[in-house]
Protein chains: 4
Amino acid sequence: MIETDPNTTQVMPDEDSSKRRQILEGARKVFMNLGFDGASMGEIARVAGVSKGTLYVYFSDKSRLFAAIVEDETVHRGTLNVQFDPARDAETMLREFGQAWIAVVCRPGGGSAIRTVMAIAERMPEVGHRYYDCVIEGTIGRLAAYLQARVEAKELFIDDCHLAASQFQMMCQATLFLPFIFQGAPAPPPHDVQRVVASAVRMFLAAYGTKR
Amino acid sequence: MIETDPNTTQVMPDEDSSKRRQILEGARKVFMNLGFDGASMGEIARVAGVSKGTLYVYFSDKSRLFAAIVEDETVHRGTLNVQFDPARDAETMLREFGQAWIAVVCRPGGGSAIRTVMAIAERMPEVGHRYYDCVIEGTIGRLAAYLQARVEAKELFIDDCHLAASQFQMMCQATLFLPFIFQGAPAPPPHDVQRVVASAVRMFLAAYGTKR
Amino acid sequence: MIETDPNTTQVMPDEDSSKRRQILEGARKVFMNLGFDGASMGEIARVAGVSKGTLYVYFSDKSRLFAAIVEDETVHRGTLNVQFDPARDAETMLREFGQAWIAVVCRPGGGSAIRTVMAIAERMPEVGHRYYDCVIEGTIGRLAAYLQARVEAKELFIDDCHLAASQFQMMCQATLFLPFIFQGAPAPPPHDVQRVVASAVRMFLAAYGTKR
Amino acid sequence: MIETDPNTTQVMPDEDSSKRRQILEGARKVFMNLGFDGASMGEIARVAGVSKGTLYVYFSDKSRLFAAIVEDETVHRGTLNVQFDPARDAETMLREFGQAWIAVVCRPGGGSAIRTVMAIAERMPEVGHRYYDCVIEGTIGRLAAYLQARVEAKELFIDDCHLAASQFQMMCQATLFLPFIFQGAPAPPPHDVQRVVASAVRMFLAAYGTKR
DNA sequence: TATGAATGAGTCTTCATTCAT
DNA sequence: AATGAATGAAGACTCATTCAT
């Protein structure tokens with residue numbers, strides 16, 4: 001006679017509810033602009049357009065909300081939009097990679113995920129590790145695998161493909177990433193990106209394109 | 001009590017007084033380990049071994065104290081310990097530069113200035129600009145000037161020396177810097193640094209060491 | 001959907017509806033274990049197996065719900081399960097009374113009504129008064145009336161039956177009640193209760209069993 | 001040269017500083033009137049005449065402040081002002097004890113320590129235990145020791161002095177303590193106390209004053 | 001100059017209560 | 001009648017800053 005259904009009360013709303021997405025969107029803006037400590041739950045609520053209490057209906061505390069944001073950045077926005085095709089030639093593939101990478105690390109519109117995560121990595125090591133593993137190492141790993149394929153195809157001559165991948169990744173950032181981070185420079189225009197990436201590709205092929 | 005000494009009354013304490021340096025030293029440790037928001041004035045006072053009130057005798061508020069720390073980092077620790085001699089050959093010079101640069105950005109002992117400044121750059125633009133200008137751009141500029149000299153000496157063949165300098169700087173960080181920042185990895189051992197820098201030098205010379 | 005039943009629309013739900021009893025049962029557990037302030041409406045809803053909103057269908061606010069619980073305790077559980085028979089002898093009757101009283105104030109299973117009401121009595125005077133009148137004074141009154149009957153039967157010799165009743169009630173608690181309340185001691189085992197009550201009865205009769 | 005004295009900052013002020021006593025006094029009023037949960041740190045600060053922050057200079061959190069209050073009650077106000085002299089006769093001694101005990105548990109001026117501690121005992125067991133041990137059991141223990149002495153002096157005839165002490169203690173409360181707690185009755189006037197205590201003494205001696 | 005006690009604004013978090021469905 | 005998502009007021013606690021000594 002006592003029909004208690006424990007699932008009808010106090011349940012975390014749907015994982016994909018619109019309110020939840022609304023909160024994540026607001027929180028993303030605030031966290032990415034002000035950092036974990038600089039962001040206040042009140043400001044997040046205001047920007048998300050919900051009440052402070054509602055934040056806690058969806059996320060048990062500030063850290064979890066932050067972790068959810070970073071996870072979202074990690075999974076949805078940190079993945080390079082590049083299909084590595086082992087059959088395609090290095091020059092084209094590298095150029096595509098380089099441009100896609102800059103698009104990830106110099107995302108327009110303010111609010112850098114990479115900076116925000118860097119800043120907190122020492123105090124929230126799991127967050128830092130997860131972001132590094134997925135976004136940084138994951139990207140390098142995919143590039144390294146491609147390079148290995150080209151080595152086997154005798155197009156490239158590389159001892160340490162992982163190092164080479166990281167070198168290329170870093171070189172693409174030259175003159176672009178640090179001003180973006182430190183000076184609040186706008187995302188570099190496509191022309192600049194192409195020029196820098198092209199130079200990186202030329203350099204990479206000069207070093208690894210012929211047997212030493 | 002009435003004999004006022006115009007040099008000690010109502011005057012901001014000596015720029016180089018020992019108390020001031022003591023505060024800067026304590027604040028540096030705390031700020032670099034915890035970031036601007038994570039550091040509390042109480043903790044700084046404790047580490048510096050002075051009272052909280054004394055902090056405000058030397059610095060009008062937390063931001064100024066932070067700015068002073070960053071300035072100190074910028075001027076005293078951000079400058080590469082490398083003498084660019086336009087007469088010396090590129091291979092040696094680049095190797096020296098690369099190792100010195102890694103020593104700056106992967107400073108052992110925890111507490112990364114570069115991370116701390118990155119984290120706050122959006123909220124304290126002047127601090128970010130000043131650090132970028134002196135430490136990043138300054139370093140690249142000196143390297144670029146050296147490269148230009150070697151171009152004129154016909155050892156190197158470079159269109160855009162500034163870009164080339166930045167490329168080299170970034171390449172030296174490959175596989176070293178990001179794990180250090182994101183994963184709290186210890187400062188890389190000299191052997192690793194040498195290997196990565198050597199590879200960067202090789203790559204650089206392959207690209208820029210012969211007329212294209 | 002338009003067929004309104006005047007007995008169910010806009011009407012406070014039935015005083016004895018099953019939902020109402022379900023809520024009272026859950027609220028009783030929570031309030032008696034955690035006190036008025038320690039109990040939260042959410043927890044009550046969870047334990048009762050209804051939604052938070054439903055609580056407010058039956059009780060206009062937390063205080064009223066609490067008062068209803070206390071009323072229930074007062075009426076249903078605070079009444080001694082003892083039939084005072086003016087014809088029965090004092091020794092037997094007192095022993096029965098004493099054991100029943102200890103069962104009320106040291107109720108096993110945690111969650112003491114007497115403590116909960118005591119705690120809130122200053123802030124909710126009506127609740128305190130009502131509990132006192134029914135449970136404490138009511139009990140003493142019934143005992144006093146019985147004693148008066150025995151006085152008239154010449155078995156006992158008491159000036160102030162109300163005082164005597166209270167004395168006996170209190171004596172029965174000796175060494176049992178305060179450890180139960182303050183130390184979270186388990187409800188005293190029957191053997192201990194019998195011993196203490198027996199001692200109280202002996203004492204009572206020594207004092208009031210013969211003409212002074 | 002760096003004369004750091006870690007003892008000059010962040011030190012808990014003097015145990016007996018006037019501010020500390022001021023806080024304790026204000027907190028005592030608020031806690032004893034409203035209970036642990038009902039009292040807010042803001043209200044305590046207001047009543048004590050200090051800022052909220054100052055509370056935390058002297059007590060690390062609400063629980064510690066509360067525990068300090070209870071400790072103070074336990075040690076300074078919970079101790080009976082009675083000198084047990086084993087040589088003095090039971091009637092006098094018991095009367096003194098009874099009156100002193102009522103003064104402790106029905107302290108005038110509102111704000112009952114015994115109620116406040118009872119209310120929280122389940123959630124703060126150490127506080128409950130300490131209060132019980134010192135105030136309740138301590139008092140009973142001293143009385144029991146005196147009774148034992150009188151047993152040896154052949155004035156009294158008691159099997160279980162601890163039970164007897166508790167019985168006397170409880171009897172003294174008859175008709176006085178529960179109205180005080182539940183009904184917010186004022187502290188009982190001396191005349192009533194004397195009457196109830198006298199009756200308790202009479203009853204006690206009737207039971208334990210002659211060999212059974 | 002140096003101190004450290006004191007402040008109060010601001011932070012995260014909880015929870016009684018409301019209301020559209 | 002019943003729900004449970006949403007709210008916002010209030011609470012504990014922190015910390016940059018001030019000031020009398």
Side-chain angles (χ1 to χ4, degrees), chain A residues 3 5 7-14 17 19-20 37 39-45 50-63 65, chain B residues 5 8-14 17 19 37 39-45 50-63 65, chain C residues 5 8-14 17 19-20 37 39-45 50-63 65, chain D residues 3 5 7-14 17 19-20 37-45 50-63 65:
Chain A
E3 334 156 47
D5 179 0
N7 286 332
T8 57
T9 43
Q10 304 284 17
V11 169
M12 165 76 96
D14 197 343
S17 80
K19 261 289 178 327
R20 187 187 158 92
D37 291 302
S40 84
M41 294 297 269
E43 176 70 358
I44 290 171
V50 302
S51 75
K52 245 190 293 184
T54 302
L55 299 181
Y56 288 89
V57 172
Y58 291 84
F59 300 93
S60 59
D61 61 22
K62 191 184 180 183
S63 296
L65 175 54
Chain B
D5 174 355
T8 62
T9 314
Q10 302 287 12
V11 165
M12 169 66 111
D14 195 344
S17 79
K19 265 283 186 310
D37 291 302
S40 83
M41 294 296 268
E43 175 72 357
I44 290 170
V50 301
S51 75
K52 256 192 285 187
T54 303
L55 299 180
Y56 288 87
V57 172
Y58 290 85
F59 301 93
S60 60
D61 61 23
K62 190 183 182 185
S63 296
L65 175 53
Chain C
D5 173 354
T8 63
T9 314
Q10 303 287 13
V11 164
M12 168 67 108
D14 195 345
S17 79
K19 267 280 189 305
R20 187 187 158 91
D37 291 301
S40 84
M41 293 297 269
E43 176 71 359
I44 290 170
V50 302
S51 76
K52 256 193 286 186
T54 302
L55 299 181
Y56 287 88
V57 172
Y58 290 85
F59 301 93
S60 60
D61 62 23
K62 190 184 181 183
S63 295
L65 174 53
Chain D
E3 333 155 49
D5 180 359
N7 286 332
T8 57
T9 43
Q10 305 284 17
V11 169
M12 165 75 98
D14 196 344
S17 81
K19 262 283 176 338
R20 187 186 155 92
D37 291 303
S40 85
M41 293 298 268
E43 176 70 358
I44 290 172
V50 302
S51 75
K52 244 191 291 186
T54 302
L55 299 181
Y56 289 90
V57 172
Y58 291 83
F59 301 93
S60 58
D61 60 22
K62 191 184 181 183
S63 296
L65 175 52

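Keep in mind that the numbers below use all heavy atoms, side chains included, and drop hydrogens, waters and symmetry copies. Throughout, protein chains are lettered first and strands after them, A, B, ... in sequence-line order, and every chain is numbered starting at 1.
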Is there a side-chain contact between [X] and the phosphate of [N], meaning an N or O under 4.0 Å from OP1 or OP2?
X     : N      : answer
D/K19 : E/dA6  : yes
A/Y56 : E/dT14 : no
C/T54 : F/dA2  : no
D/Y58 : E/dA6  : yes

Nearest whole Å is fine: how far is [N] [atom2] from [X] [atom1]?
X     : N      : atom1 : atom2 : value
A/K52 : F/dA10 : NZ    : C1'   : 10 Å
A/L55 : E/dT11 : CG    : P     : 14 Å
B/E43 : F/dA16 : CD    : C1'   : 15 Å
D/D61 : F/dC13 : CG    : C1'   : 9 Å
A/I44 : E/dT11 : CD1   : P     : 11 Å
B/F59 : E/dA2  : CZ    : P     : 12 Å
A/L65 : E/dT13 : CG    : P     : 10 Å
B/M41 : E/dG4  : CE    : P     : 16 Å

> Rounded to the nearest 0.5 Å, how far apart are CE of B/M41 and NZ of B/K52?
Replying inline: 9.5 Å
> How long is the span from the NZ atom in C/K19 to the CG atom in C/L55, to the nearest 0.5 Å?
Replying inline: 11.0 Å
> Between A/S51 and B/A39, which has a closest nucleotide on DNA chain F that is more 5'?
Replying inline: A/S51
Nearest non-hydrogen partners of [X] and [Y], listed with the distance:
X     : Y     : value
C/D37 : D/G38 : OD2-N, 3.8 Å
B/A45 : B/S51 : CB-C, 3.9 Å
D/Y56 : D/D61 : CE2-CA, 4.0 Å

Reckon [X] touches a base, only the sugar-phosphate, or nothing at all at heavy-atom distances under 4.0 Å?
X     : result
A/S40 : sugar-phosphate
A/A45 : nothing
D/K62 : sugar-phosphate

> Relative to the 5' end of DNA chain E, which residue comes earlier, A/S63 or D/G53, by the nucleotide with the nearest heavy atom?
Replying inline: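 Looking at DNA chain E, the more 5' nearest nucleotide goes with D/G53.
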>> Measuring only between side-chain heavy atoms, which start at C-beta, is B/V57 closer than 4.5 Å to B/V50?
In response: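 Not touching, per the 4.5 Å side-chain cut-off.
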> Got B/T54 and B/Y58 here, is their nearest side-chain heavy-atom distance under 4.5 Å?
Replying inline: yes
> How is the base pairing of DNA chain F summarised as a dot-bracket string, given the Watson-Crick and G-U wobble criteria with both distances under 3.5 Å, [ ] for crossing and | for another strand?
Replying inline: .||||||||||||||||||||
